[in-house]
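Everything below concerns the one structure shown next.
In the text below, chain A, chain B and the rest are named by the order of the sequence lines, each starting its count at 1.
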Amino acid sequence: MKGSAKHVILAWATATCVIAVGPAEARPKKSGTQATELDPGGRGAISGIGIESRDIDAMADQVVRELMSRPDFIASAVPPRIVVDSAAFYNDSSQRIDRNMITDALRASLNRAANGRIRFISRETMALIQQERELKRTGVADVGTRGMTAGVAGLDFRLVGRMTSLDNRDGRSGLTQRRTQVLFELVDMETGEIPWTGQPYVILRASGDDVVYR
Amino acid sequence: MPNVTRSCALAALLLTSLLATASVESRENRVLKCKTSVARGAKSTGGPALVANIPRAMTPIDLNAVQMTDKALTRKVVIEGLWAQRTEADTLLITARLVNCTKKPLVVQARSNFMDAAQIPTEPVSAWKTIFLPPRATSVYQERSIGMGQVAAYLVELRTE
């Protein structure tokens, strides 16, 4: 009797421990900083003097709205062919940034807004395209459902851009100021003309806090 | 007697017109003064507005207007002019001229919503644009729609940075 009572107490104690330990993992942590959902177009929880999330959205929006107001570009009988990628987007600024983030946001916004009024061409995937064309032409792959063309689509325009900056630092206070300028232009890939230059996206920010961009 | 009445009426008319002129008299070479309470107390234009599906659940939001999202802002900024023009591509170009009624520089942000005649959004809302307002001076906000002929109304929202 004594032995079975011992077993009962042991089982009860084990169960209590399991119950006590089990739910503790599922309980939300009260200490520390919880992950928070933030508006990508807002200031965010951390802000410094460089290009930030809101700037990427804002500059893409600005370029799209400017280009959509150009009848010579979007209202032509044959939709112009354009490439928007990071190959011709240069970062000469002091900020480290993935250029693809800017050009991808721009291409996505522009493609959706154009709704067929502009034809977007990929040059980043040229090797893959040529490989597939080779497979079709050698009979390894069939022709697909869209037929074959003599060549890949030629470009009418390329969206080029450049990001530059001017930094100042006050040695005594440690305050840092940066002017960042992002400029987009449309280059005619046949003549080299620049039919459109966007309003430069310019920010001037100063801060004493040491925010690291990476 | 009728002459006296006529003279009085003329004098009254003259005085009224003088007073009216004085109230809109340009303030050239003088520092800007605002009566933001007048702007706040202005009645609705009576044009199209966004209203809640439950009547009186919210104040109607006038369309083709600037909506301030911050009470403090209504005491600092006045909308001097608001225009909408069709561009060559048939998109809508909105221009708003803002006045900083305070003695300090202000930083505000604005964005535009474009909608069709049924008040359905024709495109995503524009990104917030930052506007720098020098003390007692004006600044201009402009935004273009992506949509073309279907854009029938717009709403500009203004907030403090």
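Proximity to chain A (any heavy atom under 4.5 Å) is shown, for B/Ser126, by both the backbone and the side chain. Only the side chain of B/Glu123 comes within less than 4.5 Å of a heavy atom of chain A; its backbone N, CA, C and O stay farther away. Contact of B/Phe132 with chain A is not made at all, since no heavy-atom distance falls under 4.5 Å. For chain B, the nearby parts of A/Ala58 are the backbone and the side chain; heavy atoms of each come within less than 4.5 Å.
Taking OG1 of B/Thr91 as the start and CG of A/Leu67 as the end, the distance is 11.5 Å to the nearest 0.5 Å. Taking CD of B/Glu88 as the start and CG of A/Asp72 as the end, the distance is 8.0 Å to the nearest 0.5 Å.
Within 6.0 Å of the CZ atom in A/Arg133, the count of heavy atoms belonging to other residues, nucleotides or ligands exceeds 12.
Scanning residues 193-207 of chain A against chain B with a 4.5 Å non-hydrogen threshold yields no residues. Annotation: residues 98-130 of chain A contacts chain B through A/Ala113, A/Arg117 [non-hydrogen atoms, separation under 4.5 Å].
A salt bridge between A/Arg43 and B/Glu161 is present, with a side-chain N of the basic residue lying under 4.0 Å from a carboxylate O of the acidic one.
For the pair A/Arg65 (side chain) and B/Arg144 (backbone), a donor-acceptor distance under 3.5 Å is present.
Interface check for chain B: of the options A/Gly41, A/Ala75, A/Ser69, the most heavy-atom pairs under 4.5 Å are formed by A/Ser69.
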